[in-house]
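Lettering follows sequence order; numbering is per chain, from 1. Nothing here was measured: the structure is a model prediction, and the numbers come from that model.
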Number of protein chains: 2
Amino acid sequence: MGATKTEHFTDKQNQIATIAKALGHPARIAIIEYLLKVNTCICGDIVNELPLAQPTVSQHLKELKNAGLIKGNIEGNSICYCIDEKTFDTLKEYFSKIILTVTNQKCC
Amino acid sequence: MGATKTEHFTDKQNQIATIAKALGHPARIAIIEYLLKVNTCICGDIVNELPLAQPTVSQHLKELKNAGLIKGNIEGNSICYCIDEKTFDTLKEYFSKIILTVTNQKCC
DNA sequence: ATTTAATATCGTAATATTGCAATATAAAGA
DNA sequence: TCTTTATATTGCAATATTACGATATTAAAT
């Protein structure tokens, strides 16, 4: 016990859960909002912006990248990060569909 | 260490992260989708639907309720659960704003 | 009053996440 | 080449999550 029973759920359910999980930490939300503000930036900029050590920021960036929420392009010495729109679209579409369905329903 | 540094982030950032975190598990996504299909149901229905024990389902329902994603109304013996639209709206609005901002940006 | 049914809570083991110091890697500049 | 700069990885401690058996709670049914 302790491990999520991933294999019992559909690919789509796991996909949405994985993306949501990546956004389930305030530091990662802060990183997304910072990227939104500055368009593109390097890891060091985020380290200066957030109250977290460089390895911690690097780890959060990795998780956001694994979930497809950001992209990282090597630019010589540093890595240029920016938001990956596609995955946010996937989420928005998913929630839009939920809301459309729910508005036709009656709650208990 | 090990605990999230919640106090260093804004209320809005923590709010979005909390909601996203609640959706960051395939079982909870499956519960949302089941509720979407059947409109309303009781805990026992979900226990029959998912490959998880009753206490586990109860715990997942509690987290979804704490995040404001579902509502639970006592109906005599059992509890009637249904989706709470408001919180999904909050998420959708948040992602819509992100996408609107990103589409005017150029990635690296 | 007792039993049954539906959920919640407690306790606990297994696993995952968070955060960071120390260290590694890799490219640019002197 | 040696140093500097930028980022990633490793290893580990603290904490959180996941899952479930056992048990408690609460209301309906008999």
Worksheet, complete the sentence: The answer to which of T4(B) and K5(A) contacts DNA chain D further toward the 5' end, by nearest nucleotide, is T4(B)
Worksheet, complete the sentence: Residue set satisfying salt bridge (charged side-chain N to carboxylate O under 4.0 Å, His left out) with K86(B), at least two apart, ordered chain then number -> D84(B)
Item to complete: Report which part of the nucleic acid E63(A) touches: base, sugar-phosphate, or nothing (heavy-atom distance under 4.0 Å, all strands).
Response: sugar-phosphate
Discussion item. If I take atom CD1 from residue I16(B) and atom CD1 from residue I32(A), how far apart are they, to the nearest 0.5 angstrom?
Written reply: 12.5 Å
Worksheet item: Between atom NE2 in H8(B) and atom P in dT18(C), what is the gap in whole Å?
Response: 15 Å
Worksheet item: With sugar-phosphate meaning primed atoms plus P, OP1 and OP2, does I74(A) contact a base, only sugar-phosphate, or nothing at under 4.0 Å between heavy atoms?
Response: nothing
Discussion item. What is the distance, to the nearest angstrom, from the CG atom on N73(A) to the C1' atom on dA27(C)?
Written reply: 16 Å
Practice prompt. Ignoring backbone atoms, establish whether T56(B) has a side-chain N or O less than 4.0 Å from OP1 or OP2 of dC20(D).
Written response: yes
Worksheet item: With sequence neighbours excluded, what pairs up with N14(B) under the side-chain hydrogen bond (donor to acceptor under 3.5 Å, both in side chains) test?
Response: none
Worksheet item: Between dT18(D), dT15(D), dA16(C), which nucleotide gets closest to the side-chain atoms of A3(B)?
Response: dT15(D)
Worksheet entry | Heavy atoms from other residues, nucleotides or ligands near CG of L100(B) exceed 12 (cutoff 6.0 Å) | yes
Practice prompt. For dT17(D), take OP1 and OP2 only and decide whether either is under 4.0 Å from a side-chain N or O of H60(B).
Written response: no
Discussion item. Measuring only between side-chain heavy atoms, which start at C-beta, is E75(B) closer than 4.5 Å to I79(B)?
Written reply: no
Worksheet, complete the sentence: Whole-Å distance, L52(B) CG to dT17(D) P, equals 17 Å
Worksheet item: Can you list the residues that meet the disulfide (SG to SG under 2.5 Å) rule with C41(B), with sequence neighbours excluded?
Response: none
Practice prompt. Quickly work out the H25(B) NE2 to dA16(D) P distance and round it to whole Å.
Written response: 18 Å
Fill in: I46(A) CD1 - dA6(D) P separation (whole Å)
14 Å
Worksheet item: Just to confirm, is there a sub-4.0 Å distance from OP1 or OP2 of dT17(C) to any side-chain nitrogen or oxygen of K62(A)?
Response: no
Response to the item:
With sequence neighbours left out, the residues meeting salt bridge (charged side-chain N to carboxylate O under 4.0 Å, His left out) with E63(B) are R28(B)
Item to complete: Please state whether the rings of F9(A) and H25(B) are parallel, tilted or perpendicular, taking 30° and 60° as the class boundaries.
Response: perpendicular
Taking only N/O atoms, report every protein-nucleotides 3-8 of chain C pair under 3.5 Å with atom names and distance.
unit_1: dT7(C); atom_1: OP1; unit_2: C43(B); atom_2: N; d: 2.9
unit_1: dT7(C); atom_1: OP2; unit_2: G44(B); atom_2: N; d: 2.6
unit_1: dA8(C); atom_1: OP1; unit_2: Y81(B); atom_2: OH; d: 2.6
unit_1: dA8(C); atom_1: OP2; unit_2: S58(B); atom_2: OG; d: 2.8
unit_1: dA8(C); atom_1: N7; unit_2: Q54(B); atom_2: NE2; d: 2.8
unit_1: dA8(C); atom_1: N6; unit_2: Q54(B); atom_2: OE1; d: 3.0

Fill in: Comparing G76(A) and K21(A) on DNA chain C - which has the more 5′ nearest nucleotide
K21(A)
Worksheet entry | Distance, rounded to the nearest Å, where L50(A) contributes CG and dT7(D) contributes C1' | 16 Å
Response to the item:
N48(A) atom CG is separated from dA6(D) atom C1', nearest whole Å, by 12 Å
Worksheet entry | Whether over 12 other heavy atoms sit under 6.0 Å from N48(B) CG | yes
Item to complete: Check each of V38(B), L35(B), N39(B) against Q105(A) using the side chain to side chain contact (heavy atoms under 4.5 Å, CB included) test, and report the only one that passes.
Response: N39(B)
Item to complete: Describe, as an angle rounded to 10 degrees, how the axis at the first end of the helix from dA1(C)-dT30(D) to dA30(C)-dT1(D) is tilted relative to the axis at the last end, five pairs per end.
Response: 10°
